[in-house]
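For reference, positions follow the sequence shown, starting with 1. None of the values given here were measured: they were computed from a predicted structure.
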Amino acid sequence: MAKTDSTGSTWRYRWAHRQNERRQRAFRAADEAWRRRDDELRRLRTLAVSFHGSAQAGVGLPMELAPGEVVFWTLPAAQLVEVRHTAVLPAPELTVDPDPPVLRPRRPEGVKVVDAGLAVLTNRRLVLLGGRGRRDWAYGRMTGLSHDPGAPVTLIQVLDRRRTSGLLLPTGAAADFRFTLTLAFADAIEQRAAVVAELDELIEEHTAARPERPAVLTPAQARVTALVPGGRRTVAVGAALALIVPAMLIESNPPTRAGSERAAAATPAASVTPAPPQHVAPAVQVRPSTSPEPSRARPAPPRGTPQPPAERRCGAPANPFGYDFCGGQRIRRPAAGVCDWFECVPGFWSDRGWLVQCRDGSVSRTGGQRDVCAGHKGLRRTVWR
């Protein structure tokens, strides 16, 4: 027998069951995604702490390792690419991307494949052993490094080579290569602790963002609007139409022009022969009413329509992106129009950290870097969203 509430109805129980099932499905999906990301961050931290390469991995390679040089990573299916004309690449950094982009197996426009072979990553250099020869990128001479956000391409600029070159990798190997290259470069400049510290911070942020299990809804929480297809949204739309349509009809009525209406005679004329003009009684003119026209103000929103919450900025300038100084998540990829609302430092887009405000009031993308807000009186606070 179906369960009923105190009024004898069963729809409240059906509503509570559907809502709880939907909320549980959403929670399980979010929790599973959170666990996958948590496992990945902790795996990367373990590698950053314990992985230091291996000299034995260089045995059998068609290249000679220098004293103290160890192999971090190898891949036999790498392609050497070159760019004929390119801008100056940003300086190499020790930032770990918390949300690796989805890469497509494509070659960006202007990038030309010139060779293919075995890629070897050591603690001192990146080497491609190709069919046409060997190409080395020593970390000590590296001036620019850029990972393509949409393709598995990494471009490198060095002091002793005019043309920009790099590697095109299989999409499945690009993420591990980029992280291992960050570790190798950190070892070369003795800054591996900075990579570990950044991963600790990312893990702490991710732990705080763990989804919470939703509360169980009871039949008593069901609203009568649940009986209407579409629920409260349908009721709100109907109420809005009930107010807007009459207002539109009032506005569609043209105003009555003064003197346009005249009263007709109460009785028919006694003769068809018109009376002399001097004996004709003047027509009675109906004057327009002195009452004011109906108000054309925009109707008030229907009761129950959600109003926008008060904007929270904590001193940040008004902006359409929701950026503030109150707290939330760090902004590593600001919106394209951020400099229209905030005062950006020169060279804003060439930096590779999270968004911060400097003590002179300008904003910079140097959060998490050693030279944060350099030349702008130092760091003041982080910009959040």
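The number of heavy-atom neighbours closer than 6.0 Å to CD of Gln24, taken from other residues, nucleotides and ligands shown, is above 12. Heavy-atom neighbours of Gln329 CD from other residues, nucleotides or ligands within 6.0 Å: at or below the threshold of 12. Heavy atoms from other residues, nucleotides or ligands lying under 6.0 Å from NE2 of His52 number more than 12.
Using modelled atom types, one finds a donor on one side chain and an acceptor on the other under 3.5 Å when comparing Thr10 with Arg14. No side-chain N or O of Thr143 forms a donor-acceptor pair with one of Gln157 less than 3.5 Å apart. Side chain to side chain, Glu82 and Ser165 fail the donor-acceptor criterion of an N or O pair below 3.5 Å. There is a side-chain donor-acceptor pair under 3.5 Å between His376 and Asp360.
When side chains are defined from C-beta on, Arg178 does not count as touching Thr182, because their heavy atoms never get closer than 4.5 Å. Looking at heavy atoms from C-beta onward, Glu69 lies in side-chain contact with Asn123 at the 4.5 angstrom threshold. With a 4.5 Å cut-off on side-chain heavy atoms, Phe348 and Cys339 count as touching. Side chains of Leu145 and Leu89 form no contact here, defined as non-hydrogen atoms less than 4.5 Å apart. Contact of the Thr122 side chain with the Val70 side chain is not registered, since no non-hydrogen atoms from C-beta on lie closer than 4.5 Å. Side-chain contact check for Phe72 versus Phe51: some heavy-atom pair is nearer than 4.5 Å. Counting heavy atoms from C-beta outward, Val71 and Leu61 have side chains that approach closer than 4.5 Å. At least one side-chain heavy atom of Leu217 sits under 4.5 Å from a side-chain heavy atom of Trp15.
A distance of 11.5 Å separates CZ in Arg124 from CG in Asp187, rounded to the nearest 0.5 Å. Distance check, rounded to the nearest 0.5 Å: NE2 of His147 to OG1 of Thr154 gives 4.5 Å. Residue Asn20 holds its CG atom at 11.0 Å from CZ of Arg25, rounded to the nearest 0.5 Å. Rounding to the nearest 0.5 Å places CZ of Arg359 at 7.0 Å from CG of Leu379. Note that the CG atom of Asp176 and the CG atom of Leu75 stand 10.5 Å from one another [nearest 0.5 Å]. With values rounded to the nearest 0.5 angstrom, Leu126 atom CG is found 5.0 Å from Leu167 atom CG.
Although no hydrogens or angles enter the test, the distance criterion places no donor-acceptor pair under 3.5 Å between the side chain of Arg106 and the main chain of Leu103. The main-chain N or O of Asp39 is never found under 3.5 Å from a side-chain atom of Arg35 such that the two would form a donor-acceptor pair. Not one N or O on the side chain of Glu32 forms a donor-acceptor pair closer than 3.5 Å with the backbone of Ala29. The backbone N or O of Pro152 sits nowhere less than 3.5 Å from a side-chain atom of Asp148 that would complete a donor-acceptor pair. Panel note: side chain Arg213, backbone Phe27; no donor-acceptor pair is recorded below 3.5 Å. Side-chain atoms of Tyr323 come within 3.5 Å of backbone atoms of Ala335 as a donor-acceptor pair (strictly under, hydrogens ignored). A donor-acceptor pair under 3.5 Å is formed between the side chain of Asn319 and the backbone N or O of Gly322. Not a single donor-acceptor pair under 3.5 Å links the side chain of Asp136 to the backbone N or O of Ala138. A donor-acceptor pair under 3.5 Å links the side-chain atoms of Thr95 to the main chain of Arg352, judged by distance alone. Checking side-chain atoms of Arg132 against main-chain N and O of Val114 turns up a donor-acceptor pair under 3.5 Å.
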### Task
Test Asp324 against Arg385 for side-chain contact (heavy atoms from CB on, under 4.5 Å), laying out the working first.
CA-CA 6 Å; Asp324 56 42; Arg385 62 180 173 188; over 6 Å; no
### Message
Quick one, Leu129 with Met63, criterion side-chain contact (heavy atoms from CB on, under 4.5 Å). Give me CA distance, side-chain angles, the key distance, then yes/no.
### Response
CA-CA 8 Å; Leu129 305 172; Met63 60 176 288; 4.2 Å; yes
### Task
Report the C-alpha separation of Asp31 and Arg36 in whole Å, then their side-chain angles, then the decisive distance to 0.1 Å, and conclude whether the salt bridge (Lys or Arg N to Asp or Glu O under 4.0 Å) test is met.
CA-CA 9 Å; Asp31 187 65; Arg36 287 197 302 267; over 6 Å; no
### Message
Could you go through Val363 and Val356, starting from their C-alpha distance and side-chain angles, then the distance that decides it, and tell me whether this counts as side-chain contact (heavy atoms from CB on, under 4.5 Å)?
### Response
CA-CA 6 Å; Val363 294; Val356 295; over 6 Å; no
### Task
Might you work through the side-chain contact (heavy atoms from CB on, under 4.5 Å) test for Trp349 and Val338, ending with a clear yes or no?
CA-CA 11 Å; Trp349 294 107; Val338 64; 3.9 Å; yes
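Within the 6.0 Å centre-distance limit, the rings of Phe177 and Trp73 are counted as a close aromatic pair.
Residues Pro334 and Arg365 approach most closely at CD-NE, 3.7 Å, considering heavy atoms. Closest of all the heavy-atom pairs between Trp341 and Ala318 is CE3-O, 3.0 Å. Closest of all the heavy-atom pairs between Ala16 and Pro219 is CB-N, 3.9 Å. Closest approach of Gln19 to Arg22, counting heavy atoms only: OE1-NH2, 2.7 Å. Residues Ser364 and Val345 share a closest heavy-atom pair of CB-CG2, 3.9 Å. Nearest approach of Ala77 to Pro170, heavy atoms of both residues: O-CD, 3.7 Å.
For the disulfide bond (SG atoms under 2.5 Å apart) condition, the pairs that include at least one residue of residues 347-385, sequence neighbours left out, are Cys358-Cys373. For the disulfide bond (SG atoms under 2.5 Å apart) condition, no pair includes a residue of residues 44-132, sequence neighbours left out.
For Arg43 and Glu40, the salt-bridge test passes: some basic side-chain N is under 4.0 Å from an acidic carboxylate O. Between Asp115 and Arg134 there is no salt bridge, since no side-chain nitrogen of the basic residue lies less than 4.0 Å from a carboxylate oxygen of the acidic one. Between Arg45 and Glu201, no side-chain nitrogen of the basic residue sits less than 4.0 Å from a carboxylate oxygen of the acidic one, so the salt-bridge criterion is not met. Salt bridge Asp38/Arg42: present, at least one basic N to carboxylate O contact under 4.0 Å.
Hydrophobic clustering, with ILVMFWY side chains joined whenever heavy atoms are under 4.5 angstrom apart, groups Val113 together with Val83. Residue Ile156 is grouped with residue Leu121 when hydrophobic side chains (ILVMFWY) are merged at heavy-atom distances under 4.5 angstrom, including chains of intermediate members. Under the 4.5 Å side-chain heavy-atom criterion for Ile, Leu, Val, Met, Phe, Trp and Tyr, Val127 and Val158 are members of distinct hydrophobic clusters. Cluster annotation: Trp137 and Leu118 are assigned to distinct hydrophobic clusters (Ile/Leu/Val/Met/Phe/Trp/Tyr, side-chain heavy-atom contacts under 4.5 Å, transitive). By the rule that hydrophobic residues join a cluster once side-chain heavy atoms approach within less than 4.5 Å of another member, Leu94 and Val372 end up as members of separate clusters.
The aromatic rings of Tyr139 and Phe185 sit perpendicular, their planes meeting at an angle over 60°, well past the 30° parallel limit.
A cation-pi geometry, defined here as NZ or CZ lying under 6.0 Å from the six-membered ring centre and within 45° of its normal, holds between Arg381 and Phe325.
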